[in-house]
Amino acid sequence: MAQRTRLIILALAGSLALLAGAFAFQYIGGLAPCHLCLLQRWPHAAAVAIGLLALAVPGRLLPLAGAAAALTTAGIGLYHTGVERLWWAGPTSCSAGSIAGLDVKDLLDPTIVVAPVVRCDEVAWQMLGLSMASWNVVVSLGLMQIWLLAARSRR
C-alpha cells in the first residue's frame with residue numbers, strides 16, 4: 001500500500017473517530033451538543049467524504065481539501081474554546097445573554113419553553129483540563145498535518 005493511501009486512510013479514520021466520539025457523547029453519554037459543537041462536526045464529515053474520494057482519485061488537490069477541512073474544524077474549535085474560557089463572546093443563540101427586550105409573549109412561546117438550552121460558553125466535559133472543543137483543535141491540527149503529508153506523497 002502506498003504511503004499516500006495510508007496517510008489518507010489515517011486522516012479519514014481520525015475524522016471518523018472524532019465524529020463517532022461526538023455522537024457517542026451525545027447519544028450514549030447524554031451530552032447534548034451546542035451550536036458550535038455541531039458546527040465542528042461538518043468539516044469532519046467533509047474530510048471523511050474527501051478521504052473516500054481521494055483514495056480513488058490521484059493528485060494533491062483532494063488531500064489539500066482534506067487539510068482545509070481539518071483546519072476549518074480546528075478554527076471553529078479554537079473559537080469555541082475561547083467562548084468556553086470567556087476570552088470572547090460567543091453567538092447570542094447559545095451563550096449567556098440578557099432577556100431584555102423580550103416581551104412576555106416571547107418568553108411564554110411554547111417552542112422556547114420546551115427547547116433544550118445548551119450553552120456554548122459552558123464546558124460539558126473535559127479531560128486533562130481541555131474541553132471537547134479544545135481536544136478537537138489539538139487532534140484536528142494533527143489531522144491537518146497528515147493530510148499535508150498525503151498531499152506531498154507520490155502515488
Side-chain angles (χ1 to χ4, degrees), residues 5-55 62-150:
T5 301
R6 283 192 304 271
L7 291 167
I8 289 170
I9 290 171
L10 182 60
L12 182 158
S15 282
L16 195 58
L18 287 172
L19 279 173
F23 284 116
F25 273 103
Q26 180 177 352
Y27 292 108
I28 298 171
L31 293 177
C34 73
H35 175 69
L36 292 176
C37 293
L38 293 172
L39 289 179
Q40 291 172 79
R41 293 178 186 185
W42 287 104
H44 283 299
V48 170
I50 290 166
L52 292 172
L53 191 57
L55 290 172
L62 289 170
L64 289 174
L71 182 60
T72 299
T73 192
I76 297 167
L78 181 61
Y79 172 67
H80 191 183
T81 296
V83 171
E84 289 173 335
R85 295 182 183 268
L86 305 177
W87 293 340
W88 45 72
T92 57
S93 61
C94 65
S95 297
S98 170
I99 60 170
L102 294 177
D103 62 21
V104 174
K105 180 183 167 199
D106 292 332
L107 291 173
L108 295 177
D109 181 358
T111 59
I112 291 176
V113 174
V114 297
V117 177
V118 182
R119 294 177 44 158
C120 296
D121 57 357
E122 291 182 353
V123 176
W125 179 90
Q126 65 178 347
M127 182 176 74
L128 302 175
L130 297 179
S131 67
M132 283 190 273
S134 300
W135 280 112
N136 183 49
V137 173
V138 172
V139 175
S140 295
L141 289 176
L143 292 174
M144 182 189 72
Q145 291 296 318
I146 294 168
W147 279 113
L148 291 174
L149 288 172

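Owing to the predicted nature of the structure, the values given are computational and were not obtained by experimental measurement. When reading the values below, keep in mind they use all heavy atoms of this one structure, side chains included, and skip hydrogens, waters and symmetry mates.
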Which donor-acceptor pairs under 3.5 Å do the side chains of residues 63-77 make with protein atoms, sequence neighbours left out?
| unit_1 | atom_1 | unit_2 | atom_2 | d |
| --- | --- | --- | --- | --- |
| Thr72 | OG1 | Ala68 | O | 2.7 |
| Thr73 | OG1 | Gln40 | O | 2.7 |
| Thr73 | OG1 | Asn136 | ND2 | 3.1 |

Trp147 and Leu7: CA distance, side-chain angles, deciding distance, side-chain contact (heavy atoms from CB on, under 4.5 Å) verdict: CA-CA 7 Å; Trp147 279 113; Leu7 291 167; over 6 Å; no
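- Note that CD1 of Ile8 is 11.0 Å distant from CD1 of Ile50, once rounded to the nearest 0.5 Å.
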Donor-acceptor pairs under 3.5 Å, side chain of residues 11-28 to any protein atom, not counting sequence neighbours: which ones?
| unit_1 | atom_1 | unit_2 | atom_2 | d |
| --- | --- | --- | --- | --- |
| Ser15 | OG | His44 | ND1 | 3.0 |
| Gln26 | OE1 | Arg41 | NH1 | 2.8 |
| Gln26 | OE1 | Arg41 | NH2 | 3.0 |

Side-chain donor-acceptor pairs of residues 29-36 under 3.5 Å, sequence neighbours excluded:
none

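- Taking CD1 of Ile9 as the start and CG of Leu52 as the end, the distance is 9.5 Å to the nearest 0.5 Å.
- Just one residue in the list Val139, Val138, Val137 forms a side-chain contact (heavy atoms from CB on, under 4.5 Å) with Leu141, and that residue is Val137.
- In this structure the side chain of Gln145 never reaches within 4.5 angstrom of the side chain of Leu149, judged on heavy atoms.
- Here the closest heavy-atom approach between residue Tyr79 and residue Trp88 is recorded as O-NE1, 3.0 Å.
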